[in-house]
Amino acid sequence: MTLSDYLSVLFLLAGAVFFLAGTVGLLRFPDVYTRLHALTKADNVGLGLIVIGLAMQAESYASVGKLLLIWLLVLLAGSSISHLIAKKALQKGVRMWRR
Amino acid sequence: MEALSLLQWLIDGLIGIGLLWLAWRALFCPELFKAIVLFIAFGLLMTLAWVRLKAPDVALAEVAIGAGLTGALLLSSWAKLRDFDANKGMGVREKNRVQSEQKTKRPFFHWLSATPVLLMAVGLGYGVLQLSPYATGLSTAVAENLDASGVSNPVTAVLLNFRAYDTLLEIAVLLLALIGIWSLEIRPSVREATLDPVLDLLARLLTPLLLLVSAYLLWVGAHASGGAFQAGSVLGAAGVLLILAGWRLPLSLAGLPLRITLVVGLSTFIAVAVLMMLDRGQLLAFPPSQASLIIFVLETTATLSIAAILAALFLGSRPDHSEKI
């Protein structure tokens with residue numbers, strides 16, 4: 001294994017940790033707003049780390065570009081949709097969780 | 001190598017078990033909304049299964065139509081049902097409870113409908129077990145005739161040339177579904193889409209990209225995964241996104257121009273079929289020298305029609321009538 005392989009493994013594992021944390025948050029957090037918070041962290045940072053890890057193994061710059069494009073599209077869609085869900089929940093009067 | 005194949009077995013096993021579990025939950029979930037979400041998750045996992053089976057064409061179609069657009073259609077029907085029930089003073093939750101109570105009272109009908117399904121499952125299982133593990137199916141016949149088909153992607157060759165009538169009938173089914181919905185004269189959802197700056201921006205950013213992807217899928221279908229249905233559903237998704245963001249088809253386009261777009265795919269297909277019948281005495285038998293061009297024309301018109309039909313299905317009512325109410 002070369003250095004880039006080790007770095008890939010490192011980034012992929014870090015990404016997996018973020019996804020795991022996001023999933024646990026989605027399942028365990030008390031209300032819709034905190035769950036969205038957990039989910040978007042997993043989507044944005046976790047996927048970003050995984051894209052970096054995969055980009056190191058890519059065979060051409062074109063596939064690196066495609067991976068980055070996937071990440072950007074997920075960022076765009078994920079953040080917009082969580083905004084829409086949170087807005088709808090506020091409009092419907094879903095209360096925020098208080099300790 | 002040993003560890004890698006074990007890992008693949010593990011992933012395939014998880015996908016298989018996950019599919020069965022999601023299907024079970026989607027069917028037996030008493031809450032309609034949850035069932036729809038489970039169905040969408042099922043579609044996404046099914047896509048992964050197709051990818052693992054090395055069938056990227058089916059995977060693309062599954063994710064775009066099975067998970068994406070069908071999910072959107074189901075969710076919009078759910079919203080309409082909810083509005084309908086709210087008008088009648090009965091919440092969805094309450095109605096679900098009543099329905100599930102009714103269901104549990106009639107196990108006889110459950111078994112009556114389950115029997116043919118079970119028989120079919122047993123028959124299919126028996127059929128699969130009877131297959132020779134070494135059969136190549138028709139893939140060698142397709143490979144031998146690929147040069148005459150006008151395209152180099154065997155899937156497109158089968159769908160648009162060797163068995164073009166399959167695609168012809170699929171487009172006819174889609175059009176029939178839309179005619180059925182329009183004939184019911186469902187009242188369009190009166191409430192206007194709430195204008196949201198974020199949704200508006202998302203639609204503005206994604207629509208050009210979806211147009212590009214759709215054109216790419218249409219073009220690449222001749223020699224790689226892609227084709228009319230995939231391109232049409234991506235284009236249809238752009239329409240759904242625009243509808244959600246509050247955009248409506250201008251009334252001047254909602255009459256005849258929309259109807260022409262809806263039927264252009266099917267009518268081109270039928271016209272080509274009749275022409276080939278007159279010219280070569282066989283339905284949809286393309287001359288190899290012109291096959292490439294014919295397939296391109298068929299796919300382009302089919303893409304436009306499929307996109308228009310899918311977006312119109314999502315809207316659920318005739319766009320030229322919605323303004324009158």
Side-chain angles (χ1 to χ4, degrees), chain A residues 1 5-6 8-9 12-13 15-16 19-20 22-23 26-27 29 31-33 35-40 42-44 46-47 50-51 53-54 57-60 62-63 65-94, chain B residues 3-4 7 11 14 18 33-34 37 40-41 44 47 51 56 60 63-64 67-68 71-72 75 78-79 82-83 86 91-93 191-214 216-217 220 224-225 234 237-238 240-246:
Chain A
M1 274 178 39
D5 285 351
Y6 281 111
S8 269
V9 169
L12 288 175
L13 283 177
F19 269 101
L20 185 69
T23 311
L26 181 69
L27 293 173
F29 277 179
D31 72 348
V32 62
Y33 309 105
R35 281 181 200 155
L36 280 174
H37 164 84
L39 197 61
T40 42
D43 272 1
N44 297 350
L47 187 66
I50 283 178
V51 161
L54 289 178
Q57 302 294 319
E59 281 161 10
S60 65
S63 30
K66 282 178 197 164
L67 285 168
L68 280 177
L69 191 64
I70 290 171
W71 185 49
L72 285 177
L73 283 173
V74 171
L75 277 185
L76 180 69
S79 48
S80 310
I81 286 164
S82 49
H83 164 85
L84 289 173
I85 293 175
K87 192 179 163 188
K88 191 78 191 172
L90 268 181
Q91 278 175 355
K92 281 179 79 180
V94 176
Chain B
L4 201 64
L7 200 64
I11 291 172
L14 279 178
F33 181 76
K34 258 190 197 169
V37 173
I40 296 171
L44 291 174
T47 307
V51 170
L60 271 174
V63 76
L75 283 175
W78 176 78
R82 190 189 48 184
D83 290 352
V92 171
R93 193 176 290 267
R191 52 168 191 183
E192 274 298 300
T194 47
L195 288 175
D196 185 283
V198 172
L199 189 57
D200 194 56
L201 184 69
L202 186 70
R204 276 167 205 277
L205 282 173
L206 282 185
T207 306
L209 197 70
L210 286 170
L211 287 177
L212 186 69
V213 171
S214 170
Y216 171 75
L217 281 173
V220 84
S225 301
V234 169
V240 169
L241 187 64
L242 284 172
I243 291 171
L244 281 176

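A note on names: the letters A, B, ... follow the listed sequences, proteins ahead of strands, and every chain is numbered from 1.
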**Student:** At a heavy-atom separation under 4.5 Å, does B:L201 approach chain A through its side chain, its backbone, both, or neither?
**Tutor:** neither
**Student:** Checking A:S8 now: which residues fulfil side chain to side chain donor-acceptor pair (under 3.5 Å) with it, not counting sequence neighbours?
**Tutor:** A:Q57
**Student:** Check whether A:L76 gets within reach of chain B through its side chain, its backbone, both or neither, counting any heavy atom under 4.5 Å.
**Tutor:** both
**Student:** Using the side-chain contact (heavy atoms from CB on, under 4.5 Å) rule, take A:K87 and B:V198 through it: C-alpha gap first, then chi angles, then the decisive distance, then the call.
**Tutor:** CA-CA 11 Å; A:K87 192 179 163 188; B:V198 172; over 6 Å; no
**Student:** Distance from A:S80 atom OG to B:L205 atom CG, nearest 0.5 Å?
**Tutor:** 8.0 Å
